[in-house]
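Below is one structure, written out as structure tokens, with a few remarks after it.
Chain letters run A, B, ... following the sequence lines, proteins first and then strands; every chain starts at 1.
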Amino acid sequence: MHHRFSISLRTIWALTFSMPVLFLLMLSLAQQWRFPDVFPETFTLINWKNLMQNENNLLQSLGVSVIISTVVAALATSLGFWMSRAIAFHPRKNLLTSFTYLPFVFSPVIFASVLNFYFILFNLSGIIFGVMLAQLFITLPYALLLFVDYWDLKLKSLEDLAFTLGGNSSQAFLKVIVPVSKNMLLLCFFQTFLTSWFDYGLTSVIGVGKIQTLTVKVFQYIGEANPFYAAVSSCLLIIPPMILLFINKKYLFNTMK
Amino acid sequence: MRRTNSLSTFLFFLLIILPFSAGLIYALLYSFGLIGILNHGFTVVNWKAVLSSGETVRSFLFTLYIGIVSLVIAASLAMLYIIMGKKKQSGGASYFIYLPLTVPALVAAFFTFQFLSKSGFVSRVLNSIHHTNGIEGFPDWVNDSFGIGIIVTHVMLALPFFIILFQNYYHSEKMETLRELSATLGSSTSQFNRKILIPVLLKKTAAPLVLYFIFILGSYEIPLLLGQQDPQMVAVLVNRKLSRFDLSEIPQGYIIAILYTLVVSLLLFFIIKLKNRPHAPPV
């Protein structure tokens, strides 16, 4: 009896947490959903088909989002890891770490708003590179904060050992430190990828509507009062992190110590 | 190695310190009328206008209210989950708890709108079982003056994060051993929960909790979709003032951004103090 109770409780729990995903999936398959109806009258793939056709550019938005997030995550992770070494062993480590928190003092959209002038001045507004740079201003400090505590005496001793065995500094870094830090690097890559993937505020201000990532599309469809198209775009936004979660949840949430 | 270090330090200044300082200086100069299209030299008129405006005060109070209420509800529910049931994530069911973490804030807000608005899913279900009478019978849960929709969405996004955070510390702080010890010494379960479990977990997670609080304060997409016209959360108000056709409101937008920065800096100072104390939790 107790066993059955615990199974049903678990089902309720699982349903509660998967509700947003299931609901959005349902909405993406609906075409009409008039008020008193609890569920849409018919379910169809027409929204998905329409949006996958060229004139709607949703696939293009998916591509833009993938490119921006991959480049930003790769840059933030590699630069962050490389720079964190200098900070971790800097005599003023605590002060520099405190400075790393500075970009988080602004909310991302406020940060984008106060920087917008410079982006316009240097012709970086409304182009993909500008959006990537703006996102790097948020993801790089995040990567630095993640890595700065990762450098410890053990890692430093490994590096010293490589030197003792005749390796130079780039060999020690690329052939010893990077391979042993693979898991931490992957964690950082996925977390910064998601930060970029989920971003709407920075992209909408710096991209001035020209850089149509998936989040910008979702907002556009909501503005056009088309919840079904917004639901399709939302599903596209959720699927990659879900796959990532399925492959390995530890990359989605920092449980590594 | 020294060359690498100085290049790292240079990049640190270029990509972290410079953008922040440049943004803040631009906002300050604009707010005092020293730059900008309609400005004609130093003035404190804009500052006076913002500091005496009810809209700014309401916006800051509303933002704090949303932050505190969302944080307290999410942390309490997560703590309840730890006390009542699962102390660690295992088995297939654990997959589901991570699911809300895959939902971007904008999509979560869109979901809440479709779920809790007057014509949303909950309203339709209640209408079909004759609990409410049509659209008008359903209360305002989105775009309402209490920010219910905003709070619900923040709690939905924060809850799995807090549960996993508390579970991690439950194990790293050896709470199971402490539970057995306190039972041996004659304390009841409720005494253990009140005097040991809750204080220890809250103290250990203080820094990440305050960081999450800052994240809620700065949220944009959720109040943009689910908030009302006045009061607005700070990030929405700043962006509205900066992107308006009325250029005279732009300095005010920058002033509110500066004030927000001051408030959050104080909170961050508190986190850094927490982090730098001995035996601090990793943030």
Side-chain angles (χ1 to χ4, degrees), chain A residues 10 13-14 17-18 20-21 23-24 27 35-38 79 82-83 85-87 94 96 98-111 113-115 117-118 136-137 140-141 145 149 169 197-198 200-201 205 215 218-219 222 227 230 234 237-238 241-242 245 249 252-253 255 257, chain B residues 1 4-5 8-9 11-12 15-17 19-20 22-24 26-27 93 95-108 110-111 114-115 119 121 124-125 127-128 135 156 160 164 168 214 217-221 225 235 238-239 242 253-254 257 260-261 264-265 268 272 276 282-283:
Chain A
R10 218 178 290 165
W13 192 241
F17 276 97
S18 37
V21 179
F23 183 78
L24 289 170
L27 213 55
F35 175 71
D37 301 342
V38 175
L79 270 178
W82 180 65
M83 287 163 67
R85 192 195 172 284
I87 296 171
N94 279 349
L96 288 180
S98 308
F99 281 150
T100 315
Y101 280 101
L102 283 179
F104 302 116
V105 166
F106 289 120
S107 134
V109 70
I110 296 183
F111 197 27
S113 300
V114 296
L115 284 178
F117 163 75
Y118 299 100
L136 192 66
F137 290 159
L140 180 65
L145 288 172
D149 286 329
S169 57
W197 187 255
F198 286 180
Y200 169 74
V205 174
T215 47
V218 171
F219 202 79
I222 295 171
S234 298
L237 267 170
I238 298 173
M242 266 175 71
L245 174 65
K249 65 185 177 215
L252 205 67
F253 192 83
T255 50
K257 290 276 176 313
Chain B
M1 192 55 78
T4 318
N5 282 352
S8 291
T9 320
L11 280 177
F12 184 81
L15 294 172
I16 295 189
I17 311 265
F20 173 80
L24 196 61
Y26 182 77
Y95 179 80
F96 293 101
I97 203 168
Y98 287 85
L99 272 183
L101 295 173
T102 65
V103 180
L106 178 64
V107 175
F110 170 59
F111 163 74
Q114 293 296 331
F115 205 69
S119 61
F121 186 71
R124 289 161 195 255
V125 171
N127 181 61
S128 73
I135 286 189
M156 183 173 86
I164 298 162
N168 283 348
I214 292 177
L217 295 187
S219 66
Y220 174 66
E221 296 94 329
L225 274 185
V238 168
N239 207 36
L242 293 183
Y254 285 121
Y260 172 81
T261 308
V264 176
S265 302
L268 271 178
I272 292 166
N276 288 343
V283 179

Measure distances from [X] to the heavy atoms of chain A and classify the residue's part below 4.5 Å as side chain, backbone, both or neither.
X       : value
Q114(B) : both
I214(B) : side chain
L11(B)  : both
A235(B) : both
I135(B) : both
L225(B) : side chain
V238(B) : side chain

Find out whether [X] and [Y] are in side-chain contact, i.e. whether some heavy atom of one side chain is under 4.5 Å from a heavy atom of the other.
X       : Y       : value
F219(A) : L106(B) : yes
S113(A) : Y254(B) : no
N127(B) : P36(A)  : yes
F110(B) : S234(A) : yes
L79(A)  : L15(B)  : yes
L99(B)  : L245(A) : yes

(request) Output all residues satisfying ring-ring contact (aromatic ring centres under 6.0 Å, His included) with F35(A), sequence neighbours left out; order by chain, then residue number. (result) none

As an exercise, state the distance from [atom1] of [X] to [atom2] of [Y], rounded to the nearest 0.5 Å.
X       : Y       : atom1 : atom2 : result
L101(B) : F198(A) : CG    : CZ    : 8.0 Å
F111(A) : L24(B)  : CZ    : CG    : 10.0 Å
F12(B)  : L140(A) : CZ    : CG    : 9.0 Å
Y101(A) : I16(B)  : OH    : CD1   : 12.5 Å

What part of [X] lies closer than 4.5 angstrom to a heavy atom of chain B: side chain, backbone, both or neither?
X       : answer
L102(A) : both
I87(A)  : side chain
I238(A) : both

(request) Flag the pair F106(A) / F20(B) as yes when their ring centroid distance falls below 6.0 Å, and as no otherwise. (result) yes

(request) Considering only heavy atoms and a distance below 4.5 Å, find which of P103(A), A230(A), S18(A), P20(A) pairs most often with chain B. (result) P20(A)

(request) For chain B, find which of L115(A), L27(A), V109(A) contributes the most heavy-atom pairs closer than 4.5 angstrom. (result) V109(A)

(message) So, using side chain to side chain donor-acceptor pair (under 3.5 Å) as the criterion, who are the partners of S107(A) when residues are at least two apart?
(response) none

(message) I'd like to know if the side chain of Y118(A) and the backbone of A22(B) have a donor-acceptor N/O pair within less than 3.5 Å.
(response) yes

(request) Determine the minimum heavy-atom distance between P241(A) and T102(B), stating which atoms define it. (result) CB-CB, 3.6 Å

(request) Kindly give the heavy-atom pair with the smallest separation between Y220(B) and G201(A), and that separation in Å. (result) CD2-CA, 4.1 Å

(message) Heavy-atom pairs under 4.5 Å with chain A: which of V125(B), T9(B), T261(B) has the most?
(response) T261(B)

(request) For the residue pair F121(B) and F23(A), categorise the inter-ring angle as parallel (less than 30°), tilted (30 to 60°) or perpendicular (more than 60°). (result) perpendicular

